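Heads up: numbering here begins at 1 and tracks the sequence. Note that ligands are numbered from 1 as they come in the structure, with each ligand's atoms numbered from 1 the same way. The model shown is predicted, which means the values in this text are computed figures rather than measured ones. Because only heavy atoms are used, hydrogens play no part in the values below, and waters and symmetry mates are left out as well, while side chains stay in.
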Amino acid sequence: MPPVAPLSQYVLKLTSRCDLSCDHCYVYEHPDQSWRRQPRLMTPDTVAATARRIAEHAATHRLDTVRVVLHGGEPLLAGAARLAATADTLRRAVAPVARLDLRMQSNGVLLSPEIADVLVAHDIRVGISLDGDRSANDRHRRYASGASSHDQVRRALALLRRPEYRSAYAGLLCTVDLANDPIRVYQALLAEEPPRIDFLLPHANWDRPPIRPDGVATPYADWLLTIHRRWLADGRPVPIRLLESLLATAAGGSTGTEAVGLAPADLVVVETDGTFEQVDSLKSAFHGAAATGLDVFRHPVDEAAAHPGIAVRQSGLAGLCATCRSCPLVRRCGGGLFAHRYRSGSGFDNPSAYCADLAALVRATAAPAGPVPAPSADSLPPAVLDDLGSGRGSAESVGQLAAVHLGIARALTVALSPAAADPVAAAGWHLLVDLDVSAPDAVHTVLSHPFVRRWAQRCRAGETGELPHLAAVAAAAAVRAGVDADLVLPVRSGAVHLPTLGTIVVDADVDTVPVVVSGGAVELRAGRRRVRVRPALGPNPDRWQPTRTAHTGAGAVLLEDTDPYRDCFDLPVAARLTPAVADRWTAQVRQAVHRLDTEAVGYAAGVRALLRAVVPLRPDPSGRSRSAAARSAFGAVAVTPVGDDAALAVLLVHEVQHLKLDAVLDVCELFDPADARRLRVPWRDDPRPVEGALHGVYAHLGVADVWRHRPGVEAAAHFRRYRDWTDGAVDALLDLGSLTADGERFVRRMRATLDDWR
Ligand code: SF4
Ligand code: SF4
């Protein structure tokens, strides 16, 4: 047998039946009906034989990682016990030779806490099929009785969002249907807070061509590009595999999908009875299209890999038809999915039946555009992780963290939009969408504000009474952009709050006020009174309480003493400051940030990139300086009055270290979230959870570094104290065994910084 390209991905058909009866299903509703002769469940013997074959192949080809996707039919029909046993068998066989990346694709309706416990215990990540909101999902994804599966799927997704099960949530898979509104589908998917979304074109070929209503030439591209535009405008809040793959190919990279690009498809299917089959989607072509005549009992994986139908999908350009090979778009398109090339007579030697749509998609995504993308859960590059793990962080690294924050704030806000049935919120939403196209910088500035994220999180947590604040968010962006708008804004505690700009006191007992935004000015009418303010220019009436700003060179830090969402720290916030006191605060913030440019260069970039607001706290009764940061209000640091800018600089570094780590944890799992053990740390009397200890060492490492650069005996003593605290706790974290590979990498970089100081 000639040498074969190894296969690293396996689809295991754990069951051959399904509890749903989706009319677009390629397993049951397309020409291949081979499922009828399959046993309902894969037996333990077949699982064991498959596991041995996979391990044997991985060892022969020295594969680092093997991905196995438990599939069906519906794999959850196997039940929790069979699922656990299957995972156990696979892991025991494969783990000695390669890393096992165990996944599942499910319709979700049977997902129970018992099943979710098995997923977490056996490190199985599950992708759930969902076609959009209820009407979109009900179009195809129904029981045989015709009943909707939407409630059951949403219940499963709510379970996967729970902190204890979140690690098992791999993402959503959505089949495109032109009858569904693309933006509603996108928003419904986003509202489920998936770590990843993928879109699948409905299976079609030249014999059963894609439906093209009204003769539109590229309706599938048009549908996906509508989402693409919104997704870019939203700051790419969640990775969408098909769109990211198109952008990756535009930049000369490869993709993680067979749908586009020329990367080899190194995948084989193991059917419920142990037979090897080619990729599942071929079942949409003709009966028996996926068969190989090979099985796990008699044949090694090498023989399956050498099967012509599998080998051709591994051969890149050479495996394509003459038309595709000469197509100028071929390196990005790749001829589309293999199954979509089928035509009676010429087999798979054709361009895709979606050729026109693929060409339009490729052309429209010719160059990555839009705002800085938020890194996806598995895309914080190792070099960035290393840089931040050192305790410090270049402007580029912290810029990535700022993009993470913006992406999350956008995703949270976008996820609220289907709920914005409230007319005040709905008007705000529509204005925000328009501004996002006409004045994206103004929208970014407002959405990056720490308390906009906190407000959105509160709404997502069920505080729907706070949705009308969306109109205030939009109004603030309109003022910044100089765009005219008529809105109604909510009144809270006797005032209208415009995030990033300030507060207008409303001298009337009302819940809402009509507002006209025009040329950067705001005019509100409460009863017969009118108040007109121009946030950027005076003179303004007494009832205008602007957010004061500390200008720090290229950037600015807001002094937040009015925003109603600033009360998220464990310490009491100060009331509105008098002008004289506020002047002292802004001067101190400005001097503290400038001070870091010279005495803590490695930390200045983080403070400048991430610090958006300082919240004055009430003085501590003990006279101690206190400070705080909160993940829900990313970008804000709260501090009690301090003696001078030198003291404030230390507190800012301390709290911004917490913000940096929060942003890293938003996209990278650094420790096992299920590990409930606590560590003794030198700076607290009570033992700390792993996350608390990690935060402590990271903050103290930064503080030690600041003191290290200051002259004097007292500074040296501070340095030694913080260094020693960090030193012991870093080793304790490394010894605990709770860190992930990324976590260990991150903490070892802290260790290296400490070692450099010796
Ligand atoms: S849930 Fe999946 S396997 Fe089941 S009928 Fe629907 S598409 Fe087919
Ligand atoms: S499917 Fe069409 S667009 Fe894609 S490579 Fe082939 S000819 Fe070009």
I need the Leu189 CG to Cys174 SG distance, nearest 0.5 Å.
5.0 Å

Distance filter under 4.0 Å to Cys18 heavy atoms, resulting ligand 1 atoms
1 (S), 3 (S), 4 (Fe), 5 (S)

Walk me through it: do Arg139 and His24 pass the test side-chain contact (heavy atoms from CB on, under 4.5 Å)?
CA-CA 10 Å; Arg139 208 177 288 283; His24 59 2; over 6 Å; no

Which ligand 1 atoms does Leu20 reach within 4.0 Å, using its non-hydrogen atoms?
5 (S)

Judged by non-hydrogen atoms, does Ser129 sit under 4.0 Å from ligand 1?
no

Is the CZ atom of Arg343 crowded by more than 12 outside heavy atoms at less than 6.0 Å?
yes

Ligand 1 contact on Arg141 by region, counting heavy-atom pairs under 4.0 Å
side chain

For the residue pair Phe199 and Trp223, does the interplanar ring angle fall in the parallel (under 30°), tilted (30 to 60°) or perpendicular (over 60°) class?
perpendicular

Parallel, tilted or perpendicular, as decided by the 30° and 60° cut-offs, for the rings of Phe348 and Tyr342
tilted

With atoms numbered from 1 as shown, which atoms in ligand 1 lie under 4.0 angstrom from a non-hydrogen atom of Cys25?
3 (S), 5 (S), 7 (S), 8 (Fe)

Cut-off 3.5 Å, side chains only: do Asp23 and His140 have a donor facing an acceptor?
yes

If only side-chain N and O atoms count, and only distance matters, is there a donor-acceptor pair under 3.5 Å linking Gln105 with Ser129?
yes

Neighbour count >12 (heavy atoms, 6.0 Å) for atom CD, Glu164
yes

Closer than 2.8 Å to atom 8 (Fe) of ligand 2, what protein N/O/S atoms do you find?
Cys327 SG

